[in-house]
Every structure is written in structure tokens, then in C-alpha cells.
Amino acid sequence: MIDHLRVGRLALSATVLLLLSAVSSPGAASDAVALEQAASPSPADTLIAAADLPLHLSLEAAVQQALEANPGLLAAEEHAKSADLAASAAFRRHFGELDAVAWASRYRDDQILRPISRQLLSGGMATLPFDRDQFHYGLSFELPLFVGGKIQAAVQLNRLKADEAQALLGGSRWKVRANVTSIYAANQALDRVILAYQEQVKALEKTHQRLQLMVDTGKKPKVDLLKITETLEQAKAELASAQADQVHARAILAALLDRPFDQRFELDPLPECFPSAPADTTNWSALLEQNSSLKAASLRVGQAESGKHMARAEFLPKLGFRANLFEHTGPSVIDGPMQTWELSLAASMPLFSGGRRIASYQSASARQRAAELAYRQTRRQLEAELHGSLARLKANEFELSAARRRVDASGEAARIEEIRYDTGAGTIEDLLRARTRAASAEAALAKAQGDVLGAAAHINAIVEKEVVR
């Protein structure tokens with residue numbers, strides 16, 4: 001900003017000089033253009049200056065950028081896409097498979113096939129299929145007709161997995177929204193805390209300077225100066241700690257937006273109006289049904305049931321259709337390759353597998369029971385988390401109201417104690433304690449405001465709906 005102002009002043013001065021010289025010099029117009037171009041910043045300088053400026057980011061813009069660029073959310077989208085394509089691939093098994101097949105062979109038939117052919121036929125048979133070197137190629141098609149419902153169960157299993165991935169993707173979006181809102185509010189609160197500490201340091205430095213003069217003139221004892229020096233250094237340390245926390249919070253926000261860790265942000269201040277808990281008549285049980293984690297747990301129960309059907313299908317017979325079309329050629333073939341085809345209908349009945357099928361079915365049954373219990377546990381945990389978050393939001397609202405009253409009271413107390421100390425009616429300890437309480441009240445107010453915003457975002461993320469506004 002300073003560079004732009006300096007360049008602007010140079011350009012203005014140059015313009016004034018050129019206007020003055022144009023009165024006496026006929027060629028001043030071309031010189032004026034050259035000087036103005038020299039004084040104007042180049043496009044590269046403008047881009048560098050823009051890159052050095054912090055990124056102004058509102059809460060809505062931060063949430064939108066996170067939904068578009070967060071790597072974890074993008075990974076969840078790819079996972080959902082993969083699961084959907086896997087379900088489509090499982091369904092296409094109904095259509096069978098057509099493969100191109102080719103193989104080459106060499107027979108050692110000089111001791112068996114050829115002597116036998118010589119005994120059966122005069123001179124023997126040296127042509128195909130008795131050629132030693134042969135090459136075969138063609139098409140093979142297989143179509144499953146009945147596999148005990150295994151394909152249908154696999155299709156259902158993969159479809160449920162795709163639905164689970166979609167549900168978790170929706171939940172991930174709400175979690176990212178809640179995380180961005182919470183960390184944005186934390187950054188806003190830290191900005192407010194740093195401002196409070198900076199004001200405290202300035203006030204203490206001013207008091208320190210005034211007290212130094214009083215000590216030099218003998219109006220105040222030196223011990224008062226030492227006490228305020230101690231409090232000033234402590235305030236500086238707290239300011240440095242808050243600034244370090246701000247760097248960390250800014251880095252977390254940058255990570256959520258997939259930006260460099262050293263990205264500088266300019267955030268909006270804390271709002272004037274804060275969300276409040278909804279009415280007690282809200283049907284939280286119905287809202288909780290929309291939670292993606294609960295949906296995913298329910299879908300995993302269905303997946304376990306489909307796995308159980310697949311294990312049961314291993315006990316049933318299978319029926320399949322096969323069609324082959326091949327061509328065979330060898331060194332003795334002159335008129336073209338020989339062609340053969342085959343149509344077959346094959347059935348198989350499982351009889352014995354060493355108990356493997358029974359163990360697989362028992363394992364699938366155990367997975368189904370585990371999924372049902374996991375669903376119950378997920379529901380109970382979400383209910384506990386939701387009601388705990390509602391209680392925390394109400395407590396944060398009370399803390400916010402109390403913090404506002406505390407700021408008003410501590411600010412007035414600090415003002416009175418400063419007057420009392422200046423008039424000799426109060427002690428330095430009273431003044432320092434009042435100043436510390438005022439700064440702590442400002443920090444507590446900022447923290448309470450950030451806590452309310454974070455608690456509201458967490459409740460909305462649990463029910464995956466904006467019910468707390």
C-alpha cells in the first residue's frame with residue numbers, strides 16, 4: 001500500500017512538472033508521456049504487490065472454498081464414484097463374458113500318434129490334427145444362468161456400498177462445513193484476543209511512562225514501577241502466546257482450504273448476532289435419522305445380509321452356458337484353417353469342500369450380528385453427542401451473556417481504579433488487578449463468542465441440517 005502511494009505521489013509530481021514545462025517547450029508532450037510511463041508501476045510490480053496482500057475471506061467464502069478444494073472431501077467424492085462404478089460392474093456380470101482366445105502348441109507325437117496313423121492308413125496321416133506345431137485362435141463366450149442368487153447378492157452388496165459412500169460424502173461435507181466454521185470463529189476470537197492484549201500492553205506502557213516520571217520526581221515509590229513492569233512483561237508474554245496461537249489457527253484454516261500454510265488471511269470480525277438453541281419442541285430423533293454415520297451403519301447391516309446370501313449361494317447348484325468358436329492351423333494346412341465350434345450347457349453341484357462353505361456362512365452370520373450391534377452403538381453415541389452438544393450450546397450462551405456483563409463491569413472498574421491511583425486513593429496493586437481483569441474479560445468474551453459459533457456448527461453437523469442459526 002505504501003509503495004502504491006509513493007508511486008502515485010511520484011506520478012502526480014511528474015505530471016505537475018510536465019505541465020509547467022509544456023508552456024515553454026514545444027516538445028514537452030512526448031517527454032511527458034515518457035516520464036509518466038517511467039513513473040507508472042509495471043504489471044509485474046502490480047502482481048507482486050497483489051500477491052503480498054492478505055486474502056480477504058468471509059465465512060461464507062471460506063466454507064465454499066473448502067467444499068470445492070478440501071483434499072479430504074475430494075477423496076471422499078472419488079471414493080463414492082469408485083463405489084458407484086463397482087456396483088455397475090457387478091450388475092454387468094448378468095451379461096456374461098466374451099473373450100478372444102489364442103494359444104500355440106507343440107506335440108511330441110512321433111512315438112504314439114504317427115506310428116498309429118501309419119498302421120491305420122497307408123503312409124500314415126501327417127496333416128492336422130497330427131501336426132507337431134499348431135496355432136489355435138477364436139472366441140469364447142460364457143453366460144451364467146443360475147448361480148444360486150450369488151450375482152444378485154453381489155449386485156445388492158455393491159449397491160449398498162455405493163449408497164454408503166454417498167451418505168458418508170454428504171456427512172463429510174457437513175463436517176468440513178462445521179470444521180471451517182469452528183476454525184474461522186477461533187481465528188476471529190484470536191484476533192479479538194490479540195487486540196485486547198495489545199490495548200492492555202499500550203495502556204500499561206502509558207502507565208509505565210507516567211509512573212516513571214512520578215518515581216523520578218519522588219511522588220511514587222520505585223516498587224510501584226517494578227510491579228507495573230512485571231505486569232507489563234507478563235502482558236507481552238500473553239500477547240506473544242496469543243499470536244502464536246493465531247499462526248497455528250491460520251495454518252489449520254489454510255489446510256482446510258488446501259492453501260499454503262503461510263497464506264495470510266484478512267477475516268471478518270465477530271458478528272453482532274449469534275445463533276441460539278432451537279425450541280425444546282424440536283423433534284431431534286427425526287433429525288438424527290438424517291445423520292450420515294447412522295445411515296452408513298444401517299447400510300452396513302444390509303451389506304452383511306447380502307454377504308450372508310452370497311455365502312448361502314455356495315451350497316446351491318450352478319448352471320452355465322458356454323459357446324466356443326475356434327480356428328486351427330498348422331504347417332500342413334494349405335486350403336485355410338480348420339474351424340470348430342462348441343455349444344455346452346454345464347451344471348455343477350457342490351458336494352464337499354472340507355467345511356469351507358459352512359465356515360464362510362457362519363462368518364457371514366457373525367458379521368451381520370456385529371453390524372446390527374454397531375448400528376445400535378452408533379445411534380446411542382449420536383444421541384449422547386447431540387444432547388451433550390445442545391447442553392453445551394446453552395451453557396455457551398449463558399457464558400456469552402455473563403462475559404458481556406463482565407466486560408462492562410471490569411472496564412468500569414479499571415477506569416475507576418486508574419482515577420483512584422492518580423489521586424492517591426488507590427494502590428498500584430488495585431490498578432494492575434483491575435487492568436488484568438479487564439483484559440481477561442475481553443479475552444473471555446471473544447472465546448465465548450467463538451464457542452457459541454463452534455457449538456452451533458457442531459450441532460448442525462450432527463443432524464446434517466442447519467437447525468441452529
Side-chain angles (χ1 to χ4, degrees), residues 59-60 62-88 90 155-185 252-253 255-258 275 277-278 282-307 367-393 453-469:
L59 176 59
E60 293 76 12
V63 171
Q64 186 62 32
Q65 288 191 23
L67 293 178
E68 293 175 356
N70 183 263
L73 191 56
L74 295 178
E77 291 178 356
E78 293 298 326
H79 181 69
K81 186 185 300 182
S82 173
D84 189 66
L85 292 174
S88 176
V155 171
Q156 182 68 15
L157 174 62
N158 285 275
R159 176 45 55 194
L160 290 172
K161 288 183 177 180
D163 293 342
E164 179 190 356
Q166 286 293 338
L168 293 177
L169 174 59
S172 297
R173 290 195 178 101
W174 277 102
K175 289 178 182 177
V176 168
R177 185 188 300 271
N179 289 338
V180 172
T181 302
S182 298
I183 196 62
Y184 191 96
I252 295 176
L253 179 60
L256 287 172
L257 304 181
D258 194 25
T282 305
N283 189 355
W284 293 108
S285 297
L287 291 173
L288 200 61
E289 293 293 337
Q290 304 302 317
N291 182 272
S292 60
S293 298
L294 192 61
K295 288 181 179 179
S298 177
L299 290 170
R300 282 191 285 269
V301 174
Q303 294 171 27
E305 186 175 358
S306 297
R367 281 196 299 270
Q368 182 182 12
R369 292 192 297 271
E372 292 171 350
L373 293 173
Y375 171 79
R376 289 172 53 187
Q377 182 183 17
T378 301
R379 186 177 186 85
R380 298 307 181 202
Q381 288 178 344
L382 287 173
E383 289 174 349
E385 185 177 2
L386 175 60
H387 291 288
S389 299
L390 288 171
R392 172 49 53 191
L393 176 60
L453 294 174
H458 185 61
I459 293 174
N460 291 336
I462 293 176
V463 298
E464 298 182 4
K465 187 177 180 181
E466 195 172 358
V467 295
V468 183
R469 300 181 179 89

- Message: For Leu67 and Val63: C-alpha separation, side-chain torsions, deciding distance, then whether side-chain contact (heavy atoms from CB on, under 4.5 Å) applies.
- Response: CA-CA 6 Å; Leu67 293 178; Val63 171; 4.1 Å; yes

- Query: Atom CD in Gln64, atom CG in Leu257: separation rounded to 0.5 Å?
  - Reply: 11.5 Å

- Message: If I take atom CG from residue Leu382 and atom OG from residue Ser389, how far apart are they, to the nearest 0.5 angstrom?
- Response: 10.0 Å

- For Ser182 and Gly454, the nearest pair of non-hydrogen atoms, with its separation, is OG-CA, 3.7 Å

- So which heavy atom on Leu160 is nearest to which on Gly302, and how close? CD1-C, 3.2 Å

- Taking all heavy atoms of Ser293 and all of Thr378, pick out the closest pair and write down the distance. O-CG2, 4.0 Å

- Message: Testing the basics here: between Ala87 and Ala162, what is the closest heavy-atom pair and its distance to 0.1 Å?
- Response: CB-CB, 4.4 Å

- Of all the heavy-atom pairs spanning Val468 and Ala456, show the shortest one and how long it is. CG1-CB, 3.5 Å

- Query: Of all residues at least two apart in sequence or in a different chain, which pass the side-chain contact (heavy atoms from CB on, under 4.5 Å) check with Gln381?
  - Reply: Gln377

- Query: Taking it one step at a time, do Thr282 and Val467 satisfy side-chain contact (heavy atoms from CB on, under 4.5 Å)?
  - Reply: CA-CA 9 Å; Thr282 305; Val467 295; 5.8 Å; no

- For Pro71, does its backbone N or O pair with a side-chain atom of Asp258 as donor and acceptor, under 3.5 Å? no

- After noting the C-alpha distance and the side-chain angles of Glu77 and Lys81, does the key distance pass the salt bridge (charged side-chain N to carboxylate O under 4.0 Å, His left out) rule? CA-CA 6 Å; Glu77 291 178 356; Lys81 186 185 300 182; over 6 Å; no

- Item | All pairs passing side-chain hydrogen bond (donor to acceptor under 3.5 Å, both in side chains) where residues 155-166 contributes a residue, at least two apart | Asp84-Arg159, Glu164-Arg300, Glu164-Gln303

- Task: Quick one: pull up CG in Leu74 and NE2 in His79 and give me the separation to the nearest 0.5 Å.
- Result: 14.5 Å

- Query: To the nearest 0.5 Å, how far apart are CD1 in Ile462 and CD in Gln290?
  - Reply: 14.5 Å

When the side chains of residues 172-180 are checked against the rest of the protein, which donor-acceptor pairs come out under 3.5 Å, sequence neighbours left out?
| residue | atom | partner | partner atom | Å |
| --- | --- | --- | --- | --- |
| Ser172 | OG | Leu168 | O | 2.8 |
| Trp174 | NE1 | Glu464 | O | 3.4 |
| Asn179 | ND2 | Lys175 | O | 3.2 |

- Query: Taking 4.0 angstrom as the limit, do Glu383 and Arg380 come out as a salt bridge?
  - Reply: yes

- Note on the structure: Taken to the nearest 0.5 Å, the spacing of Ile459 CD1 from Leu390 CG works out to 4.5 Å

- Message: Working to the nearest 0.5 angstrom, can you tell me the gap between His458 NE2 and Leu386 CG?
- Response: 8.5 Å

- How close do Tyr375 and Leu294 get, heavy atom to heavy atom, and via which atoms? CE1-CD1, 3.5 Å

